[in-house]
Enquirer: 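Before I ask anything, let me first share the structure, which is written out below as structure tokens.
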There are 2 protein chains.
Amino acid sequence: MQDNLQVKMDEFLPLRDVVFNTLRQAILTGELKPGERLMEIHLANRLGVSRTPIREAIRKLELEGLVTMIPRRGAEVAQITEKSLKDVLEVRRSLDALSVELACDRIGEEALEELRKACDAFEAATRTKDTKKIAQADVALHDIIVQATDNSRLVQLVNNLSEQMYRYRFEYIKDESSHEQLIEEHRIIFESIRRKDKETAANTAKLHIDNQEKSIMKQLRMEKNSRRHSL
Amino acid sequence: MQDNLQVKMDEFLPLRDVVFNTLRQAILTGELKPGERLMEIHLANRLGVSRTPIREAIRKLELEGLVTMIPRRGAEVAQITEKSLKDVLEVRRSLDALSVELACDRIGEEALEELRKACDAFEAATRTKDTKKIAQADVALHDIIVQATDNSRLVQLVNNLSEQMYRYRFEYIKDESSHEQLIEEHRIIFESIRRKDKETAANTAKLHIDNQEKSIMKQLRMEKNSRRHSL
DNA sequence: CTACTTTAAATTGTATATAATTAAATACAA
DNA sequence: TTGTATTTAATTATATACAATTTAAAGTAG
């Protein structure tokens, strides 16, 4: 773990939430690697706080499934197995389909217009070839859809499930050969939501996840391979 | 809140988990009522532990959505609104449908046999008119299905969502007039899983939730009414 | 040199102490 | 009485202290 964990005092959150966000981000970006132990005193010193907020943050990470607790041994970053990712994607596939279906019913004129812009913005982002920008544009687009469902529980769950594979999605987006297809799928989802064509919307959303799954699984296997050869 | 919160030392869990389970149960059964404050010293004294495990338990309840945090004022039991229940049920509807569809593909012979027995057990339970027994039989039956999906994330999410309405489901099950229909729906779900008829299974599962939703919403409105008249 | 004990260090789990903030109570003026 | 300061009490937020347990290390016998 590099020494670039830093507590941002920008906002006025309780320390436990600052720590929670910091650790969460570190796990999702891969800065803290699967299997790595989260030792309280270490983290407390590094972040310049006491153990209490660290522990409270770990409790939340535990419930989110990002860390695994081992009794009397503490927390470690959860291992991501092929199976666990498949499980996550299987649920997400269903919830993304639900999201676009609900969006068909409930999206407003303004949000629809935003969605159209987000499609354009995504296309523009792919042309910059800036992976971070592309990823952001993609998140923004999907966020408009899920927000349009007007179901806060669904929003919470979809966001949580998405985050579980941030690390991998990044690599996925790097692959330029898939950009055209992504643009096209976004376009179809937008059009079918506009026409309130639930079936096409849902099917495309599922396809969208299927493609992601294929790419992520390929990566995972490569990672596993390279681990086997290097260790 | 009555004075029957007790820490069970049966198992050998960290205190924070014991406290978490205790508070969770108290909230789900309605022993701790929506809006009620969770004061740390109070709970610590009552449960005979220090504030630390109480706080850690509250952090987990927070992430689960069972309590609401108010900065510098602590936690209170989350209010359940009609909207929030609708949101939960909307997601559950989708995930229950997914569960039975996956069960069609993945259930084994033994589990299928268990499911058949669970259907019979549920029918038998309704005849005892023991609400608690009926509820347990219902949970057991649905648990077999969701376990058959072999998707641990799905299991976790469905269980969590189900628990959110334990309080209300209890009243629902009390209503004997609905028992025949419940038995029939369980039977159809079992039969369609056996025949691997995903469409019927999914539709019936959705119907199952729809019926629950109607009943719960009726109750909620009654509750709201009686509150208005008594306050 | 290996297998087993014993000891020491590190780490978590729990409890308590201090600081900061908020809510309530009291006092006082209009 | 009502509205506003001021003080007091209660409560959370954070830090530290202590206890229990585990891991690693150092010896020691075979």
Side-chain angles (χ1 to χ4, degrees), chain A residues 1 5-24 26-27 32-64 66-79, chain B residues 1 5-24 26-27 32-78:
Chain A
M1 190 175 72
L5 290 186
Q6 273 308 316
V7 180
K8 285 174 278 181
M9 287 302 281
D10 306 346
E11 291 143 51
F12 198 58
L13 283 168
L15 284 182
R16 58 167 181 269
D17 291 331
V18 178
V19 173
F20 174 65
N21 292 331
T22 307
L23 291 180
R24 186 162 203 276
I27 293 173
L32 285 166
K33 300 199 172 43
E36 191 164 342
R37 285 182 70 182
L38 297 181
M39 281 182 302
E40 297 169 5
I41 307 174
H42 259 193
L43 292 172
N45 292 338
R46 181 159 304 188
L47 301 178
V49 300
S50 81
R51 280 176 60 207
T52 309
I54 302 280
R55 285 180 67 85
E56 299 192 24
I58 289 177
R59 295 288 83 78
K60 304 218 287 185
L61 294 170
E62 177 189 356
L63 207 75
E64 238 190 357
L66 290 177
V67 308
T68 309
M69 292 306 303
I70 303 171
R72 285 264 158 212
R73 192 148 185 275
E76 54 181 52
V77 179
Q79 291 290 348
Chain B
M1 188 175 76
L5 289 185
Q6 272 308 317
V7 179
K8 285 174 280 182
M9 288 302 283
D10 307 346
E11 291 144 49
F12 196 59
L13 283 169
L15 285 183
R16 58 168 180 269
D17 291 330
V18 178
V19 173
F20 174 65
N21 291 331
T22 306
L23 292 180
R24 187 160 202 281
I27 292 173
L32 285 165
K33 299 198 172 44
E36 192 163 342
R37 284 184 70 183
L38 297 180
M39 279 182 302
E40 297 169 5
I41 308 173
H42 206 219
L43 291 172
N45 292 338
R46 180 159 303 189
L47 300 178
V49 299
S50 81
R51 283 177 56 208
T52 309
I54 302 281
R55 283 181 69 82
E56 298 192 15
I58 289 177
R59 293 289 82 77
K60 303 219 287 185
L61 294 169
E62 177 189 356
L63 208 76
E64 235 187 1
L66 290 176
V67 308
T68 310
M69 291 307 301
I70 303 172
R72 284 265 158 211
R73 194 149 184 274
E76 55 180 51
V77 179

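Order of the sequence lines sets the chain letters (A, B, ...), proteins ahead of strands, with each chain counted from 1.
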Enquirer: Between atom CD1 in A:I70 and atom P in C:dG13, what is the gap in whole Å?
Expert: 11 Å

Enquirer: Can you tell which of D:dA15, C:dT12, C:dA15 lies closest to the side chain of A:M39?
Expert: C:dT12

Enquirer: Could you go through the salt bridge (Lys or Arg N to Asp or Glu O under 4.0 Å) check for B:K33 and B:E36 one step at a time?
Expert: CA-CA 6 Å; B:K33 299 198 172 44; B:E36 192 163 342; 5.7 Å; no

Enquirer: For A:R16, which contact category applies under a 4.0 Å heavy-atom criterion: base, sugar-phosphate, or nothing?
Expert: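 Sugar-phosphate, no base atom in range.
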
Enquirer: With the threshold set at 4.0 Å, does a side-chain nitrogen-carboxylate oxygen contact exist between B:E56 and B:R59?
Expert: no

Enquirer: Please report the distance, rounded to the nearest Å, between CD1 in A:I41 and P in D:dC18.
Expert: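 About 15 Å, once rounded to whole Å.
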
Enquirer: Find the distance B:F20:CZ to C:dT14:P and express it as a whole number of Å.
Expert: 15 Å

Enquirer: In this structure, how many angstroms lie between the P atom of D:dT12 and the CG atom of A:D17, rounded?
Expert: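 After rounding, the gap between these two atoms is 16 Å.
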
Enquirer: Starting at CD of A:E56 and ending at C1' of C:dG13, how long is that distance when rounded to a whole Å?
Expert: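 Atom CD in A:E56 sits about 14 Å away from atom C1' in C:dG13.
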
Enquirer: Of the options C:dA15, C:dT12, D:dA15, whose atoms approach the side-chain atoms of A:R55 most closely?
Expert: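 The answer is C:dT12.
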
Enquirer: Given atom NE2 of A:H42 and atom C1' of C:dA9, what is their separation to the nearest angstrom?
Expert: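 So the two atoms are 13 Å apart, to the nearest Å.
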
Enquirer: Give the nucleotide from the list D:dT16, C:dA23, C:dT14 with an atom nearest to the side chain of B:R73.
Expert: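 Taking heavy atoms from C-beta onward, the closest nucleotide is C:dA23.
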
Enquirer: May I ask you to verify if any side-chain N or O of A:S50 is less than 4.0 angstrom from the OP1 or OP2 atom of D:dT14?
Expert: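 False: A:S50 side-chain N/O out of range (4.0 Å or more) of D:dT14 OP1/OP2.
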
Enquirer: What's B:L38 touching, base or sugar-phosphate or nothing? Going by heavy atoms closer than 4.0 Å.
Expert: sugar-phosphate

Enquirer: How close do A:A75 and A:M69 get, heavy atom to heavy atom, and via which atoms?
Expert: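 Taking every non-hydrogen atom into account, CB-SD, 3.5 Å.
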
Enquirer: Tell me: CD of A:E40 to P of C:dG13, nearest whole Å?
Expert: 6 Å

Enquirer: Determine whether B:L23 and B:L43 make a side-chain contact, defined as any pair of heavy atoms from C-beta on separated by less than 4.5 Å.
Expert: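 B:L23 reaches B:L43 side chain to side chain.
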
Enquirer: What is the distance, rounded to the nearest whole Å, between atom CG of A:L15 and atom P of C:dA20?
Expert: 13 Å

Enquirer: For the side chain of B:R72, counting heavy atoms from C-beta on, which of C:dA15, C:dA17, C:dT22 is nearest?
Expert: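 Nearest to the side chain of B:R72 among the choices is C:dT22.
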
Enquirer: Can you name the nearest heavy-atom pair linking A:I41 to A:R51, along with the distance?
Expert: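 Looking at all heavy atoms of both residues, the shortest contact is CG1-CD, 4.0 Å.
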
